Amino acid sequence: MGSEREELEIEMETLVSSSQSIKETPTVEIPHNISHSNVARSWTFSRILEQLWKSTKVVIFTVKINMLLPFGPMSIILHYLTKIHVLVFFFSLIGITPLAERLGYATEQLAFYTGPTVGGLLNATFGNATEMIIAIYALKKGMIRVVQQSLLGSILSNILLVLGCAFFTGGIIHSKKDQVFNKAAAVVNSGLLLMAVMGLTFPAVLHFTHSEVQYGKSEVFLSRFSSCVMLVAYASYLVFQLKSCHNLYNPIDEEEGRNKDDSDAVEVPELGQWEAISWLAVLTIWISVLSEYLVNAIEGASTSLNLPMAFISVVLLPIVGNAAEHASAIMFAVKDKLDITLGVAIGSSTQISMFVIPSCVVVGWIMGKHMDLNFQLFETAVLFITVLVVAFMLQDGTANYFKGLMLILCYLIVAASFFVHVDPADGNV
Amino acid sequence: MGPVGKPDPELHEETLVSLPLDARKMHTFEHIGSLAAVAQSFTPRKTRSRLLMSIYIVLIKAKINVLLPFGPLAVILHYLTGKQGWVFFFSLIGITPLAERLGYATEQLACYTGPTVGGLLNATFGNATEMIISIYALKNGMIRVVQQSLLGSILSNMLLVLGCAFFAGGVVHYSKDQTFNKATALVNSGLLLMAVLGIMFPAVLHSTHSEVQYGKSEVSLSRFSSCVMLVAYAAYLYFQLKSQPSLYNPVDGEERQNEEDVDEEDVPEITLWEAVSWLAVLTIWISILSGYLVDAIQGASESWNMPVAFISVILLPIVGNAAEHASAIMFAMKDKLDITLGVAIGSSTQISMFLIPFCVVVGWSMGKQMDLNFRLFETATLFITVLVVTFMLQEGTANYFKGLMLILCYLIVAASFFVHIDPTSSDD
């Protein structure tokens, strides 16, 4: 770690060429465990500016996706100048995409400093921070159906579209053989997804069969209880994953192990620890700001585009929101590292279904909103059959282009179904 | 292929028609090629004897053709009496041998076209009977009959045919579990699940009254889903025929094993053009009988006092699949379970991913409102059946107990349809 800091320092010297820093070089030879004193020593104004500039350069200017960054401020301007909700919606959506990707990057960087355990936890919690932020904003506005549908759409797009594209491209490139992945991890995730489906099915069926004790209140109560249970299940899944069979369930460690000589790999943290934390905070705030405009524009966009709200929440929102994960999953599949692809796609779905959704119910409970797990019968049925199809596809541990194509075609059918779906006008269903 | 096969029928012909001159001519020219031989045979006598030979091979040799007279009988009954029940039953029995011979003619044609196109032929015309019956019903606007008969065909293939085959094979080979190619079964199960997905969404959309335009939305969704499913089926054919032919086409293995066995299907028994013409003749014959069959369904339901659902889902497919049924059981007893699976599950996959979407598209072009909304009860039945069968197949072994369970499941399904009618109100 010390040598890296040394490198950074030397780079900064060449960048800013301040005589002051040259005098401080001898102190850098001191081992890294007194990095605190380094930071304290560097708290002069120009130092801060240099660090800020360096940080910004690494985080913002090195990645091509950040070309989309200006869309964010543009959407805010559009919101105040014009009232065209469609443009505000799309621009804020496109503006969030690079922020989500950078948030993931900052989380990764922070994970270097905290070690694999807390790093895994961080990834598990903040991996879908964007969806969580958007959901909480929608919840605050009382748009409960939007919350349910956007989270459902995120799950569906992860297990069908992202996974399908990854399998398809990987299968085309490696057409001579079936690609293999860790069956055990896939089966555990499928089991968790099925448990989530069970948690979602019971309130929906209870409501649909009009067989609850207190109409309207019972499913909320059941949903809150089920959410707590699901959160406990997710917590124990994390413990199970991080504690036992460490190398079985965390193939990214294997990757890092194999690439020890490859200095291009993710091993070297590019940000300091405090930089990572501050960037996390900055990006989260930025995403929150944009999410608010996004959520406010959904209804207007739906009326002007003449699309059902369900379609926008289930299909459009997640496709753009997951764009970064999508690209990385395909890239890893092409490199024949299907375990990472599965971690991205299926792991994300598990996280949303077993953590984000129950968290939203609990947050709604705290806010006093009636958010429940009753996703209405159509959405629940769609989720159920989709999880079954995917669990079945994954169970033999192989992948080829045909499986990928089937998953993509299934997603087309799902998207088409939501294109012609509205919530029934009467409160019956 | 021609000249090699020709001497036998020629010798046979001699004993039958006694034309020694022509036989000697045939032997002299046998090295030139089948086309020359055919050209050689274009004398009136030759044509007549070839015709008779053809008719003998196709129509008289197989024992199932005993049922052939039922066809014309049904037509006669239709005009003489008004007894729809008898017309229905007789035309059903009359179609059975024709369906079997159609399959035979397709096989024979496949010998000439090579494995790729042969596989394609089998994939498309394997269920030609169901296709013809469905198109007739569609033309009559009997959309529920189409949906239910196709559904029944899938159910009878997956439960009854497979169950009987597993049971019979398991009883004959009771000392061990029979095994089959797990990979093929998994691919087919995956496709069946995808078909269930495609069929479920319009049904759930309709039953939760959550479509944008009541009545029109599911039809549009069904048409879109059908196109997607047809693309998936085409990709499946491509995938099956291109990659790993030895893995997915065990019949090749069979042919290689039986190369010395001339009795096998390797040697075509009729020429290419005979196969094509027989295909055409049998198709026309089946179409005619299907017309009478479909017209008689309603009347049969009333006179026998059975729901139309039961007739469409259970009776129609049982008799229609009789030939496949028999061959699946036979192959299971010979411990060739891969062929059994190809017949049973492959047929189900073909119906669910090709025939049903194809009917929707045909209905689209005809202007009929055929959609994938099979109504909640039928969709639920299909769903749970596919789940059960997928689960049974996933470990790649079979025994008589699995077979018995599948048969008993079919009994339950049949009983459910015995007491099922479509609700008379417009919403379900």
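FYI, side chains are in, hydrogens and waters are out, and symmetry mates aren't considered; it's all heavy atoms of this structure. Quantities reported herein were computed from a predicted structural model and do not represent experimental measurements. Proteins come first, then strands; the chains are lettered A, B, ... in the order of their sequence lines, and each starts at number 1.
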Determine, step by step, whether B:Phe239 and A:Asn400 satisfy the side chain to side chain contact (heavy atoms under 4.5 Å, CB included) criterion, reporting the C-alpha distance in whole Å, the side-chain angles of both residues, the deciding distance to 0.1 Å, and the verdict. CA-CA 10 Å; B:Phe239 181 71; A:Asn400 49 49; 3.7 Å; yes
Tell me, with the steps shown, if A:Phe402 and B:Leu191 meet side chain to side chain contact (heavy atoms under 4.5 Å, CB included). CA-CA 11 Å; A:Phe402 180 64; B:Leu191 278 170; 4.1 Å; yes
Go through B:Met194 and A:Leu409 one step at a time and tell me if the side chain to side chain contact (heavy atoms under 4.5 Å, CB included) criterion holds. CA-CA 9 Å; B:Met194 181 174 172; A:Leu409 292 178; 3.5 Å; yes
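For B:Met366, the CE atom counts as densely surrounded, since its 6.0 Å shell holds more than 12 non-hydrogen atoms of other residues, nucleotides or ligands. More than 12 heavy atoms of other residues, nucleotides or ligands lie within 6.0 Å of CD in B:Gln394, so this atom counts as buried by the packing criterion. Applying the 6.0 Å contact sphere to CZ of B:Phe377 captures more than 12 heavy atoms from other residues, nucleotides or ligands.
For A:Phe384, the part sitting under 4.5 Å from any heavy atom of chain B is the side chain, from C-beta outward, and nothing else. Within the 4.5 angstrom heavy-atom criterion, atoms from both the backbone and the side chain of B:Ser189 approach chain A. Proximity to chain A (any heavy atom under 4.5 Å) is shown, for B:Tyr236, by both the backbone and the side chain. For B:Glu218, no part lies near chain A; criterion is any non-hydrogen pair under 4.5 Å. Proximity to chain A (any heavy atom under 4.5 Å) is restricted, for B:Phe224, to the side chain, taken from C-beta onward.
Interface check for chain A: of the options B:Gly198, B:Ser220, B:Ser225, the most heavy-atom pairs under 4.5 Å are formed by B:Ser225. Interface summary for chain A: among B:Leu193, B:Leu205, B:Leu186, B:Leu387, the most heavy-atom pairs under 4.5 angstrom belong to B:Leu205. Each of A:Leu412, A:Val414, A:Leu388, A:Val422 has some count of heavy-atom pairs under 4.5 Å with chain B, and the biggest count is that of A:Val422.
Taken from NE2 in A:His421 to CG in B:Leu221, the straight-line distance is 11.5 Å, to the nearest 0.5 Å. Note: A:Phe378 CZ to B:His206 NE2 = 13.5 Å, rounded to the nearest 0.5 Å. Note that CD1 of A:Ile385 is 7.0 Å distant from CZ of B:Phe201, once rounded to the nearest 0.5 Å.
Residues A:Phe392 and B:Gly190 come closest through the heavy atom pair CE2-N, 3.3 Å.
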